[in-house]
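Working notes, structure below.
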2 protein chains.
Amino acid sequence: MGPTAEPGPRPSTIQDVAREAGVSRAAVSKVIRNAYGVSEHMRAQVTAAIERLEYRPRVAARAMRGASFTLGFEIPQVGNDFLTMIVDGATEALADTPYQMIIAPLGRDQKGDVAINSLADRQVDGIVAIAPRVDPAWLERVAERTPLVMIGRHDRSDRYDTITGDDRAGAEQVMSHLFDLGHRRIVHLTIHPSRPEPPWAGQAGAEPHVVRTAVYRERMTAAGLEPQVIHTMFDGSEAHAATRALLDSPDRPTAIFAGNDTLAVGVLSAVAEAGLDARDVSVVGYDDVPIARHPLVSLTSVDQSGITLGREAVRLLLERLAGRTESVRYESPAVLRARRSSAEPRQA
Amino acid sequence: MGPTAEPGPRPSTIQDVAREAGVSRAAVSKVIRNAYGVSEHMRAQVTAAIERLEYRPRVAARAMRGASFTLGFEIPQVGNDFLTMIVDGATEALADTPYQMIIAPLGRDQKGDVAINSLADRQVDGIVAIAPRVDPAWLERVAERTPLVMIGRHDRSDRYDTITGDDRAGAEQVMSHLFDLGHRRIVHLTIHPSRPEPPWAGQAGAEPHVVRTAVYRERMTAAGLEPQVIHTMFDGSEAHAATRALLDSPDRPTAIFAGNDTLAVGVLSAVAEAGLDARDVSVVGYDDVPIARHPLVSLTSVDQSGITLGREAVRLLLERLAGRTESVRYESPAVLRARRSSAEPRQA
DNA sequence: ATGAAAGCGCTAACAT
DNA sequence: ATGTTAGCGCTTTCAT
């Protein structure tokens, strides 16, 4: 114990407000919740008392009986630009509602379910989560108690809503684009799949990266070409290293299709450092994050409208909060944005 | 009301666990808090019951009596790479503690105090906030009730801890760097100051951007040059537009010192689009965000170690939680990272 | 339209 | 070492 700092006046409670306004606690509660059955006069009294006492309801106490007016977002990485777009869309959609957003990022070595649990423990009124590898059965259990919207899952549930981009169409466009430019030696670079392969994988639902990889394989095989897939961590530095190795290989690819823009930016840095350009090695990413548009980067990518994804997630959650119980599935279209990072190969 | 989905089994409470283990609620409480006075045998019983019932303590209920084991972070924008670095550092520092992090981003048109309040309402055990323009007197009131660490404030308080980079030294290095290269027509581009000027401004404390701007003015004036300061919004697109205008002006600057990297990246895009390079217009940013290191961007910037800032913030907060009451001030050194975006001007 | 009273799940005294 | 008890601040029946 350090020296006892005088604790300052205890923050006022609903009881204090009731006393100050000369009414009951229940009355104050009704006023702050805009509930039915308060006279104009009482509302004015109470509102004035609230101002005077600078009263703020404790969320914890509210959550124990009613709602917390909080929506929780679980996101795997704070620094990922694509996730940022989603959060921005959500923020916008939340602007004129009484709900506050809190974000639970994953801690080091943490999996998505930990952060989702932590939001549920906090009794948020609803959860939006991006957790492609969490067991759907487990998610359904969560969704029994807390309205849940999952982003980036191709499975379908009766309990929670799902939102995805059209990963199949997006990857198809990437492959067509590269083939049309004349590329044949195309390598696909993506993040490590879960190990061990979860038992529910390979069902109807597959994570976005897996879908993109599958399309890559299909298209390569259909064109009579040998697919080559390289797995890295998600942070781009491994993508950089893997690309260096590829560039030194005897049979250097003329194009690299990266599973997302974070990886693609890492790939581009290795290409640039080697003094090569798009005519030597074309690079295509996925997500169309803001930096892809930058003239110095100019990365060809697939736009699946992260902003819309976030906005829709909130909309669906608010619908559930308003009483909807049937589950909904929303798919955002994918559009290729061709830029200077992809070009016809110098040597066929 | 939609159709009533059967609500699933009510999640178990501490009471259920106590019954299952054949002990009292207090005993369970002690076990989950690792408190003093539990026998090995009881611990085993209780732990087993917890597993069996999949019991998870409700944070709201805990917060009403004891601690919520939650640390709240208020950050002005989710998409800002510098803030991301801070959060990453904090995540790392939190990894082996029982504390969970939640982030309260600002809603649209929201000010920092709203999000800080929302964290306080949630009864987090401590708050880290980045809110350069919030009234220090107000912050002290918050700090009376909730341990508080402010990042990016040059003021000093007896109530809360402050963490900053050495903005004066950083800006000095930028100006020296540009002068050494031979630049004379240097424009400073930064974010809009608060309007109206808050009454507490101009005291010992000033926000980082204001300090950087002040140093710019001092150095320009000392060199017998006319300072030119342009204000924009924080998101880079206005920086882009402002730069275009500058490039078209009869008296085009040979260097632009941007108040942070987000702005600098916007400036760079305008420079690149105009077909110009560092010999025409040099660009320097501040914060040394990851993209600055990218070979295609290669932005000269000032590294104030965002990771360290975040790590220190958590360390200071944990210290306060452990009983410290005297306030602490931490300053991170600033180091210029010269890259290809700055060079000797083609024409003196 | 308003108020009284019960209780949400937990922790912290205080017993024993 | 363990159990009993009294609330924390709020919302929600249920009276009036």
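To find a chain, count down the sequence lines: A is the first, B the second, and so on, and within it residues start at 1.
Across all strands, B:Gly66 comes closer than 4.0 Å only to sugar-phosphate atoms, never to a base (heavy-atom distances). When heavy atoms are screened at a 4.0 angstrom cut-off, B:Arg33 is found touching the sugar-phosphate backbone but no base atom. As judged by a 4.0 angstrom heavy-atom cut-off over every strand, A:Ala26 is placed among the base-contacting residues.
In this model, the phosphate group of C:dT2 is approached by a side-chain N or O of A:Ser39 to a distance below 4.0 Å at OP1 or OP2. Distances shown here put a side-chain N or O of B:Tyr55 below 4.0 Å from the OP1 or OP2 atom of C:dC10.
Rounded to whole Å, the distance from CD on B:Gln123 to C1' on C:dG9 is 14 Å. Between A:Glu40 atom CD and C:dA1 atom P there is a gap of 11 Å when expressed in whole angstrom units. In this structure, A:Arg145 places its CZ atom 14 Å from C1' of C:dC8, rounding to the nearest Å. Taking atom CZ of A:Arg25 as the reference point, atom P of C:dA6 lies 11 Å away to the nearest angstrom.
With B:Arg329 as reference, B:Thr162 is the one residue of B:Asp155, B:Asp161, B:Thr162 to meet the side-chain hydrogen bond (donor to acceptor under 3.5 Å, both in side chains) rule.
Boundaries of the chain A contact region on DNA chain D are D:dG9 to D:dT12, first to last in 5' to 3' order (nucleotide atom under 4.0 Å from a heavy atom).
When each of B:Met64 and B:Val38 is assigned the nucleotide of DNA chain D with its nearest heavy atom, B:Val38 is the one assigned upstream, toward the 5' end.
Remark: side-chain polar atoms of B:Arg153 are paired, donor with acceptor, to backbone N or O of B:Val134 under 3.5 angstrom.
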